[in-house]
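One structure is given below, encoded as structure tokens.
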There are 2 protein chains.
Amino acid sequence: MSDFTKTRGYAIGEMSKSTGVNIETIRYYERIEIMPKPDRTAGGNRQYNHDQLKRLSFIKRSRELGFSIEEIRALLTMVDRSDFTCGEVHSMTTEHLASVKEKILALHRLEHALETMAAECGRGDVPDCPILDTLFEVGVAT
Amino acid sequence: MSDFTKTRGYAIGEMSKSTGVNIETIRYYERIEIMPKPDRTAGGNRQYNHDQLKRLSFIKRSRELGFSIEEIRALLTMVDRSDFTCGEVHSMTTEHLASVKEKILALHRLEHALETMAAECGRGDVPDCPILDTLFEVGVAT
DNA sequence: TCTTGCATCTGTAGCCGCTACAGATCGCAT
DNA sequence: ATGCGATCTGTAGCGGCTACAGATGCAAGA
């Protein structure tokens with residue numbers, strides 16, 4: 001493919017295939033204004049350019065890294081204004097990292113609790129179960 | 001407090017305080033039918049009994065352990081019918097445990113990616129940032 | 001040129017698990 | 001009797017999509 005073909009732009013389906021972002025989601029991103037309104041063909045179909053492809057793939061990666069839409073919006077706003085320092089981006093990232101670490105800890109506690117319950121369970125064919133017993137205990141200290 | 005006072009039942013606010021479940025959420029649980037319709041006072045306020053308190057606290061604990069509402073509904077349905085074996089409960093639990101472990105793995109990968117990005121970042125006062133660069137790379141293999 | 005058939009369009013409603021109102025009523029203490 | 005907090009119903013919103021319906025666009029083959 002030459003650069004020439006590229007200048008025709010990308011249809012939404014191509015954007016979707018390139019980035020792995022669902023078509024409906026791309027339109028959703030436009031609605032919530034983290035993607036710009038693209039050009040349209042004479043008939044009204046969306047036509048994206050390479051910058052927009054890059055932007056969408058940025059969003060996709062960031063989502064995969066667990067950034068919220070609002071975090072991504074903040075990053076993109078800074079980028080759009082060319083109004084950011086590397087330090088700012090770094091601190092957003094480490095902040096997000098901290099919340100990821102917290103989630104991991106919470107899940108580990110959960111894992112432990114579930115494992116304990118499962119271990120205490122004889123899993124017999126009897127209608128009686130230490131797991132349910134545990135879950136049904138009414139908390140004492142309120 | 002004697003058993004006598006208890007027979008008057010619990011107001012929704014007491015249920016909320018005892019279990020830590022938000023009042024609005026208790027009503028929501030009633031609407032989606034994982035909590036039964038409680039008695040009402042003459043004036044129409046909800047009056048719960050001890051079984052219902054136990055049930056709500058069961059739901060709370062299960063939610064804290066990450067069970068979905070539908071999983072909880074399944075558990076409670078079995079309990080209501082007295083139609084379960086310990087083995088069934090055990091397998092629901094271990095299934096859920098597996099999905100928790102998966103989430104932990106995914107978050108660890110994420111943690112690693114974020115740490116790598118952050119480490120490469122000089123966090124200077126300059127308007128240029130390896131984190132953004134990484135995020136903006138357009139995927140090659142599509 | 002016409003047709004076929006996939007791609008895309010807009011708009012709206014639904015998903016989960018709550019949460020947050022508004023505006024009315026209840027119920028308990030003084 | 002009155003004041004005021006607790007509770008009531010009903011509805012709409014959150015995040016982040018996803019799933020329609022029903023109408024068009026567009027490109028390739030006959």
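Just so we're on the same page: letters track the sequence lines, and every chain starts at 1. The analysis underlying the following values was restricted to heavy atoms, covering all of them including side chains, and did not include hydrogens, waters or symmetry mates.
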B/E95: side chain to side chain donor-acceptor pair (under 3.5 Å) partners, not counting sequence neighbours:
none

So, B/S68 side chain and B/E71 main chain: donor-acceptor pair closer than 3.5 Å or not?
yes

Polar atom pairs between nucleotides 16-18 of chain C and protein, under 3.5 Å, N or O only, would you list them?
{"residue": "C/dC18", "atom": "OP2", "partner": "B/Y29", "partner atom": "OH", "Å": "3.0"}
{"residue": "C/dC18", "atom": "OP2", "partner": "B/R63", "partner atom": "NE", "Å": "2.7"}

Within the 4.0 Å heavy-atom criterion, would you say B/I32 contacts the bases, only the backbone, or no part of the nucleic acid?
nothing

Output all residues satisfying salt bridge (charged side-chain N to carboxylate O under 4.0 Å, His left out) with B/R63, sequence neighbours left out; order by chain, then residue number.
none

Residues in ring-ring contact (aromatic ring centres under 6.0 Å, His included) with A/Y28, at least two apart?
none

For the pair made of CE in A/M15 and P in C/dA7, what is the distance, rounded to whole Å?
17 Å

Return the nearest nucleotide to the side chain of A/R46; candidates are D/dC8, D/dC26, C/dC9.
C/dC9

Rounded to whole Å, CG of B/N45 lies from P of D/dC4 at a distance of 20 Å

Could you tell me how far apart A/Q47 (CD) and D/dA27 (C1') are, to the nearest whole angstrom?
13 Å

Taking atom P of D/dG16 as reference, at what distance in whole Å does atom CD of A/E64 sit?
15 Å

Nearest whole angstrom, please: distance from the P of C/dG27 to the CD1 of B/I12.
14 Å

Applying side chain to side chain contact (heavy atoms under 4.5 Å, CB included), can you list everything that pairs with B/R40, at least two apart in sequence or on another chain?
B/E30, B/R46

Which residues pass the side chain to side chain donor-acceptor pair (under 3.5 Å) test with A/K101, sequence neighbours left out?
B/E111, B/E115

Donor-acceptor pairs under 3.5 Å, side chain of residues 120-134 of chain B to any protein atom, not counting sequence neighbours: which ones?
{"residue": "B/T134", "atom": "OG1", "partner": "B/P130", "partner atom": "O", "Å": "2.7"}

Grab the CD1-P distance between A/I23 and D/dG16 for me, whole Å please.
22 Å

Between the side chain of B/S16 and the main-chain N/O of B/V21, is any donor-acceptor distance below 3.5 Å?
yes

Expressed as a whole number of angstroms, how long is the span from B/E14:CD to C/dG27:C1'?
13 Å

Return the polar atom pairs (N/O with N/O) between nucleotides 21-25 of chain C and the protein under 3.5 Å, or none.
none

Checking B/F67 now: which residues fulfil ring-ring contact (aromatic ring centres under 6.0 Å, His included) with it, not counting sequence neighbours?
B/H96

Which of residues 96-113 of chain B have a heavy atom under 4.0 Å from DNA chain D?
none

Quick one: list whatever passes side chain to side chain contact (heavy atoms under 4.5 Å, CB included) with A/R109, sequence neighbours left out.
A/L105, A/A106

May I have the list of side-chain donor-acceptor pairs in residues 84-93 of chain B shorter than 3.5 Å, sequence neighbours left out?
{"residue": "B/T85", "atom": "OG1", "partner": "B/E88", "partner atom": "N", "Å": "3.3"}
{"residue": "B/E88", "atom": "OE1", "partner": "B/T85", "partner atom": "N", "Å": "2.9"}
{"residue": "B/H90", "atom": "ND1", "partner": "A/A118", "partner atom": "O", "Å": "3.4"}
{"residue": "B/S91", "atom": "OG", "partner": "B/E88", "partner atom": "O", "Å": "3.1"}
{"residue": "B/T93", "atom": "OG1", "partner": "B/V89", "partner atom": "O", "Å": "2.8"}

